[in-house]
Each structure stands twice: as structure tokens, then as C-alpha cells.
Asks: 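Please see the structure below; I have some questions.
Throughout, numbering of the chain's residues begins at 1 and tracks the sequence. Remember, it's 1-based here, ligands and their atoms both numbered in the order they're listed.
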Amino acid sequence: MERDGLRLAYPDLVERIRPIFERNGCSPGVARLLAENCAAAERDGAHSHGLFRLKGYVSTLNADGWVDGRAVPKVEDAAPGFLRIDGRNGFTVPALAAGRALAVEKTRANGVCILAIRNSHHLGALSLDVEPFAEEGLVALAFINSMRAVVPHGGRRAVFGTNPIAFASPRAKGLPFVFDQATSVMANGDVQIAAREGRALPPGTGIDRNGEPTTHPKALLDGGALNAFGGYKGATLAMMVEILCAALVGGKFSHEVDLAAHPGAATPHTGQSFILIDPACGRGALPGFAERVEELIAEIHAAGQERLPGDRRHAARETSERAGILVGREMLAAIDAMAAG
Ligand code: NDP
Ligand code: PYC
């Protein structure tokens with residue numbers, strides 16, 4: 001044990017947290033997938049959606065039927081380029097795992113495939129959902145809506161979720177190019193972390209329950225709302241995510257998610273959509289896709305941008321793989337308490 005905590009290899013961290021999910025009603029398969037998802041977010045330095053979320057998973061699994069940890073997703077082959085998955089009120093991660101191989105097969109056959117997941121709950125980092133597709137040579141765009149937390153531009157109360165968009169593309173060199181960003185000024189998870197640590201939010205982050213600007217995380221969380229990033233442009237993207245994840249997939253809009261009747265519920269019961277593209281399809285004599293991406297990245301670096309989106313997560317992953325994932329003492333105690341029940 002170091003002064004700051006314990007460094008654990010990824011498989012050891014997965015094994016440490018997997019019993020938490022099993023103890024709280026997940027099937028062994030779902031428990032493994034969720035443990036891997038949490039551990040991978042922590043490994044990549046995506047702290048707002050890693051171990052920090054364990055408490056939320058536990059309270060959610062115990063929130064009077066809000067989510068089914070044993071759900072078996074139903075994969076529906078809707079059309080050559082359209083795959084629908086009913087999460088059956090389980091988590092989105094196993095729903096994606098259930099349809100992943102067929103989605104890749106369809107993308108390769110058609111050049112493109114829409115993957116539409118509904119009736120499911122997601123509490124993770126979206127980068128983890130898209131990057132594996134790019135590792136297989138595909139371009140992947142993912143969208144997810146959540147629960148009302150973001151105010152429409154010029155409005156006074158929340159309508160949208162924090163609605164992240166993630167994108168992954170193969171590169172000619174090294175790991176895929178990945179970005180993963182909420183359409184809000186910051187993720188709700190980061191507001192919760194600021195509240196816990198007693199830190200003020202930057203001006204412009206959001207409003208309180210009366211619609212007035214606030215920098216107090218607790219005032220924002222207590223009936224207030226986050227702003228979308230970039231004013232009306234970000235709000236428009238948040239709206240697009242609602243359309244793609246609710247209207248398109250047959251799921252709920254974020255404003256329709258009602259956690260109030262299920263004390264402890266922390267996961268949004270919504271939808272997720274993917275657009276998958278096979279860049280090799282129909283290219284004929286065109287120049288190599290991954291090489292063209294590399295040329296663009298070289299130009300961006302030459303223009304002076306050193307850090308690309310995804311670089312921090314990949315660097316954190318490299319450190320975690322080399323030295324282990326650092327789990328703080330307090331978190332370790334919390335994990336062991338949750339695993340012991
Ligand atoms: P950040 O604002 O921290 O980062 C957004 C993107 O910008 C990342 O790709 C990041 O790369 C990149 N980036 C950050 N700083 C720079 C910089 N200086 N130069 C270039 N690129 C930069 O993320 P968010 O707070 O918006 O989202 C955090 C997480 O919350 C995401 O993983 C998201 O999926 C998750 N989330 C999940 C939700 C759900 O419903 N499941 C809802 C909302 C959010 P890097 O990653 O390498 O830092
Ligand atoms: O951090 O905004 C967030 C969030 C919402 C749902 C899951 N994470």
C-alpha cells in the first residue's frame with residue numbers, strides 16, 4: 001500500500017469490484033461486464049464514471065425494481081443496416097455486448113449500421129463503447145441521453161440530459177482517435193464530485209432552482225440545471241441526442257425519466273444509439289482512410305495543438321497498465337465494505 005492508496009492491475013480491480021454487482025442482484029455475466037466497465041473508466045482516468053459510480057450502482061440496484069441486473073437483452077435484426085436492442089430494463093453495457101458482433105458484421109456487409117438500444121441504463125464513460133469498434137477498423141459515433149439536467153438555451157429549467165457524444169476513428173499509427181464529451185458545460189458526475197469536495201463551479205456552469213446563475217454545486221444539483229456547452233450550439237446538439245436516443249430508438253426523453261418514485265435510483269432509464277461506418281467499404285482506389293486521418297493529425301500538430309482529445313485517457317491507461325490503477329484508501333475501504341455487503 002502506497003501513502004495515497006493501493007495500485008491494482010486491471011484484472012485485480014475487476015475481481016475486487018465484481019462481487020459488489022453480484023451481491024446486489026446482477027447475474028454473473030452482467031456483474032463482470034459492469035465491473036470491467038467501471039475498472040476500465042478508472043484505468044483511463046475517467047474518474048467521474050469509474051469507481052466513483054459504484055455507490056450509485058448499488059443504490060440503483062436496490063431501488064425497488066428500477067433496474068434489472070439479471071436482464072437478458074433482446075437483439076432485433078430490424079433491417080440490413082439497422083439493429084435494435086431491447087435492454088429489457090437492464091444495463092446498456094450488456095445490451096451492447098449482446099449485439100456487438102452482429103453490428104460489426106452488418107457494418108462490414110453494408111458499409112454502415114445503426115445500432116439502437118432502448119429500455120436500458122448507462123452510467124459509464126462513452127469512450128469505452130466506441131474505441132473497440134475503431135480497434136476493429138470501423139468509425140463509430142455514439143450518443144446517449146440521460147435524465148433532465150441541462151437547461152435549453154435561454155430557458156429556466158432542465159429538459160435535456162448531459163447527453164454525451166463520443167467518436168472513434170482508426171489511425172494509421174497507434175491507438176484510435178477518440179473524443180467523448182458531454183453536451184453540457186460539465187458532466188453531472190463532475191458537479192457531484194465538486195459538491196463532495198466543497199469546490200465552487202466556474203461561472204457560467206449553470207443555474208439554481210429559481211433559474212438564476214449559480215457557482216454552488218449543491219444549489220445546481222438541488223433543482224437547478226447545467227448549461228449546455230457553447231450556448232445555443234451545444235443545446236442544439238443536446239436536442240439532437242434526445243432525438244437519436246429516444247425518438248429514434250423507442251426510448252424515453254431525459255425529461256420523461258422519473259427517478260423520484262424510486263429512492264436511490266441513480267441510472268437514467270433511456271436509450272443509446274450508434275452510427276457505425278466501415279471506411280474500407282466502397283473505397284476502391286481512394287487513398288487509405290487511416291493514412292488520411294494521420295495526415296490531418298500531423299497538420300493539427302504542426303499548427304500548434306499538442307494534445308488531442310483522447311490523449312489524456314490513453315496516457316492514463318498507459319500509466320495504469322505499467323504501474324497499476326491507483327485506488328485511494330477511502331475508496332478501497334468503501335469497495336471492501338460494499339463487497340462484504
Ligand atoms: P471532458 O470535458 O473532460 O473532455 C471532453 C473531451 O475533450 C475528451 O475527449 C477530452 O479528452 C477532450 N479534452 C479535454 N481537454 C482537452 C484539451 N485541453 N485539449 C484537447 N482535448 C481536450 O469530458 P466531459 O466532462 O464532457 O465528459 C466526461 C465523461 O462523462 C465522458 O466520459 C462522458 O461519456 C461521461 N458522461 C456519461 C454520461 C452517461 O449518460 N453515461 C452522461 C454525461 C457524461 P480526454 O478524454 O483525453 O481528456
Ligand atoms: O455525469 O452527467 C453525468 C451522467 C449522467 C448520467 C450518467 N452520467
Asks: Can you pull out the closest protein heavy atom to atom 7 (O) of ligand 1? Residue, atom name and distance to 0.1 Å, please.
Replies: Q181 OE1, 4.1 Å

Asks: Do ligand 2 and P268 have nitrogen or oxygen atoms that lie under 3.5 Å from each other?
Replies: no

Asks: Ignoring hydrogens, just give me the one of P309, G189, G50 whose non-hydrogen atom is nearest atom 12 (C) of ligand 1.
Replies: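 Comparing heavy atoms across P309, G189, G50, the nearest one to atom 12 (C) of ligand 1 lies in P309.
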
Asks: If the threshold is 4.0 Å, N to carboxylate O, is there a salt bridge linking R84 and D77?
Replies: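 A salt bridge is absent here (no side-chain N lies under 4.0 Å from a carboxylate O).
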
Asks: Would you tell me which option among D190, L123, T183 has the nearest heavy-atom contact to atom 7 (C) of ligand 2?
Replies: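 Going through D190, L123, T183 one by one, L123 has the nearest heavy atom to atom 7 (C) of ligand 2.
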
Asks: Could you establish whether H49 and ligand 2 come within less than 4.0 Å of each other, counting only heavy atoms on the residue side?
Replies: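 It does; at least one heavy atom falls under 4.0 Å.
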
Asks: For atom 48 (O) of ligand 1, what's the nearest protein heavy atom and its distance?
Replies: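 Nearest neighbour among protein heavy atoms for atom 48 (O) of ligand 1, to 0.1 Å: R312 NE, 2.7 Å.
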
Asks: Which of the atoms in ligand 1, numbered in the order shown and given with their element, are less than 4.0 Å from a heavy-atom of T162?
Replies: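 Those qualifying, in numeric order: 42 (C), 43 (C).
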
Asks: What protein heavy atom sits nearest atom 40 (O) of ligand 1, and how far away is it?
Replies: I144 CG2, 3.8 Å

Asks: Could you tell me, atom by atom, which parts of ligand 1 come under 4.0 Å of a heavy atom of D311?
Replies: 47 (O)

Asks: Which of these, R313, R53, R317, has its nearest heavy atom closest to atom 28 (C) of ligand 1?
Replies: R313

Asks: Do me a favour and list the nearest non-hydrogen protein atom to atom 38 (C) of ligand 1 with residue, atom name and distance?
Replies: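 Among all protein heavy atoms, the one nearest atom 38 (C) of ligand 1 is P164 CG, 3.6 Å.
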
Asks: Has ligand 2 got any nitrogen or oxygen that is less than 3.5 angstrom from a nitrogen or oxygen of S146?
Replies: no

Asks: Any donor-acceptor pair under 3.5 Å linking the side chain of N110 with the backbone of K106?
Replies: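 Yes; judged by distance alone, with no hydrogens or angles, the pair exists.
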
Asks: Just say parallel, tilted or perpendicular for the rings of H262 and W66, cut-offs at 30° and 60°.
Replies: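 Ring orientation, 0 to 90° scale: tilted.
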
Asks: Measure A46 to ligand 1 on non-hydrogen atoms and call it side chain, backbone, both or neither using the 4.0 Å cut-off.
Replies: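 A46 to ligand 1: no contact under 4.0 Å from either part.
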
Asks: Using a strict cut-off of 4.0 Å, indicate which atoms of ligand 1 neighbour a heavy atom of A125.
Replies: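 Going through ligand 1 atom by atom, the ones under 4.0 Å from A125 are 32 (O), 34 (O).
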
Asks: Closest non-hydrogen protein atom to atom 41 (N) of ligand 1, residue and atom name please, with distance?
Replies: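 It is G124 O, 3.0 Å.
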
Asks: Please confirm whether the ring centroid of F160 lies under 6.0 Å from the ring centroid of F253.
Replies: no

Asks: Let me know which of L54, L123, V93 forms a side-chain contact (heavy atoms from CB on, under 4.5 Å) with L34.
Replies: V93

Asks: Quick test: of every protein heavy atom, which one is nearest to atom 35 (C) of ligand 1, and how far off is it to 0.1 Å?
Replies: H49 CE1, 3.3 Å

Asks: May I ask you to identify the nearest protein heavy atom to atom 31 (C) of ligand 1, giving residue, atom name and distance to one decimal place in Å?
Replies: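 Protein heavy atom at minimum distance: D180 OD2, 3.1 Å.
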
Asks: Under 4.0 Å from a heavy atom of G310: which atoms of ligand 1 are those, numbered in the order shown and with their elements?
Replies: 11 (O), 45 (P), 47 (O)

Asks: Distance under 4.0 Å to a non-hydrogen atom of T162: what atoms of ligand 2 satisfy this?
Replies: 2 (O), 3 (C), 4 (C), 5 (C)

Asks: Please write down residue, atom name and distance for the protein heavy atom closest to atom 14 (C) of ligand 1.
Replies: R307 NH2, 3.7 Å

Asks: Using a 4.0 Å cut-off to any heavy atom of A182, which atoms of ligand 1 qualify?
Replies: 24 (P), 26 (O), 27 (O)

Asks: Applying a heavy-atom cut-off of 4.0 Å, say which part of D190 lies close to ligand 1: side chain, backbone, both or neither.
Replies: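 The side chain, only.
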
Asks: Provide the number and element of each atom of ligand 1 under 4.0 Å from a heavy atom of F179.
Replies: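 Once the distances to F179 are compared, the set is 9 (O).
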
